[in-house]
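First the structure, in the form of structure tokens, and then the observations on it.
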Amino acid sequence: MKVVAASHITGQGVSDAALKQGLSTYVSSPPRRIDRLSLLALLGAAPLKPVLQIDSAVYLAATYPARPNMFALLDAVCVHNRLPKPFEFVNSVSNAAGFHVAQQLGINGPNLFIGAGTQVWRDLLELASCDLESAQVQQALLLLVDEDHDEGFSVQSLVVESGGDALVSDSFERLTRGIEVLRFELGGDTRSAALHPIS
């Protein structure tokens with residue numbers, strides 16, 4: 001497997017509105033109702049759209065699930081005895097983020113969400129390798145979304161294809177050694193929410 005493209009987007013104190021504004025650089029009409037995990041995943045994948053094939057697979061990992069959505073659903077159903085709205089129910093699962101990435105970028109390969117463990121890049125590479133080696137897909141988009149209230153967010157993205165040596169690493173930096181990584185920082189001010197390249 002070989003890495004053909006990569007991006008790394010970071011930010012701190014960034015509102016959902018600022019994320020949507022940053023996303024508008026790459027996506028003409030981002031979804032109106034979308035959770036933060038989906039926004040971050042889409043923001044990380046969007047700069048790589050020019051190199052993605054229509055049948056690319058999406059393997060998304062996050063250090064957290066879409067907890068606010070699940071809490072809102074449980075509160076509505078268990079505390080207030082209301083039936084869930086379709087949007088609440090669908091977005092209560094973290095795989096909705098992968099769906100939004102695929103839909104907005106026009107790709108229709110396999111799509112899977114996993115929780116990020118201690119060897120997340122190894123896990124993502126293993127999943128991609130299975131589909132690439134069996135010729136299920138020719139290309140895979142791997143995403144890792146991490147967000148901490150104090151430290152901000154980080155979205156690391158790789159596009160991998162068949163060929164080259166086996167990729168075995170738990171480090172984004174090692175996996176991207178020798179290739180150009182699109183690096184951006186998103187500021188928290190909604191008036192200047194553009195992605196700023198980092199050298």
Are any side-chain N or O atoms of [X] and backbone N or O atoms of [Y], one a donor and one an acceptor, separated by less than 3.5 Å?
{"X": "Q139", "Y": "E161", "answer": "no"}
{"X": "S129", "Y": "E126", "answer": "no"}
{"X": "Q156", "Y": "L143", "answer": "no"}
{"X": "T176", "Y": "V181", "answer": "no"}

**Request:** Using the side-chain contact (heavy atoms from CB on, under 4.5 Å) rule, take T63 and V145 through it: C-alpha gap first, then chi angles, then the decisive distance, then the call.
**Result:** CA-CA 7 Å; T63 54; V145 179; over 6 Å; no
**Item:** Linked, directly or transitively: L60 and F99 (ILVMFWY side chains, under 4.5 Å)
**Value:** no
**Asked** Should L42 and V159 be counted in the same cluster of Ile, Leu, Val, Met, Phe, Trp and Tyr side chains packed under 4.5 Å apart?
**Response** yes
Which pair of heavy atoms, one from [X] and one from [Y], lies closest together, and at what distance?
{"X": "A45", "Y": "S157", "value": "N-OG, 4.0 Å"}
{"X": "P47", "Y": "Y26", "value": "CA-CE2, 3.7 Å"}
{"X": "A5", "Y": "V51", "value": "CB-CG2, 3.7 Å"}
{"X": "A140", "Y": "A128", "value": "CB-CB, 3.9 Å"}
{"X": "A62", "Y": "L37", "value": "CB-CD1, 3.8 Å"}

**Asked** With sequence neighbours excluded, what pairs up with R122 under the salt bridge (Lys or Arg N to Asp or Glu O under 4.0 Å) test?
**Response** D170
pair [X]-[Y]: side-chain heavy atoms closer than 4.5 Å:
{"X": "T10", "Y": "L186", "result": "no"}
{"X": "L141", "Y": "L52", "result": "yes"}
{"X": "L175", "Y": "L158", "result": "yes"}

Contacts of type side chain to side chain donor-acceptor pair (under 3.5 Å), residue [X], not counting sequence neighbours:
{"X": "E180", "answer": "none"}
{"X": "S171", "answer": "E173"}
{"X": "E151", "answer": "none"}

**Prompt:** Who passes ring pair (Phe, Tyr, Trp, His ring centres under 6.0 Å) against F153, sequence neighbours left out?
**Reply:**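 Applying ring pair (Phe, Tyr, Trp, His ring centres under 6.0 Å) to F153 gives none.
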**Request:** Among residues two or more places apart or on two chains, list those pairs meeting ring pair (Phe, Tyr, Trp, His ring centres under 6.0 Å) that have a residue in residues 154-182.
**Result:** H8-F172, W121-F172
Acceptor/donor pairs from residues 101-115 side chains to any protein atom, 3.5 angstrom cut, sequence neighbours excluded:
residue	atom	partner	partner atom	Å
N111	ND2	G98	O	2.8

Nearest 0.5 Å, please: how far is [atom2] in [Y] from [atom1] in [X]?
{"X": "S38", "Y": "L23", "atom1": "OG", "atom2": "CG", "answer": "11.0 Å"}
{"X": "S154", "Y": "D146", "atom1": "OG", "atom2": "CG", "answer": "6.0 Å"}
{"X": "L142", "Y": "M1", "atom1": "CG", "atom2": "CE", "answer": "7.5 Å"}
{"X": "Y59", "Y": "L127", "atom1": "OH", "atom2": "CG", "answer": "6.0 Å"}

**Item:** Residue from I9, L40, I34 passing side-chain contact (heavy atoms from CB on, under 4.5 Å) with L19
**Value:** L40
**salt bridge (Lys or Arg N to Asp or Glu O under 4.0 Å) pairs, two or more places apart, involving residues 11-21** = D16-R36
**Qualifying salt bridge (Lys or Arg N to Asp or Glu O under 4.0 Å) pairs, either residue in residues 38-61, two or more places apart** = none
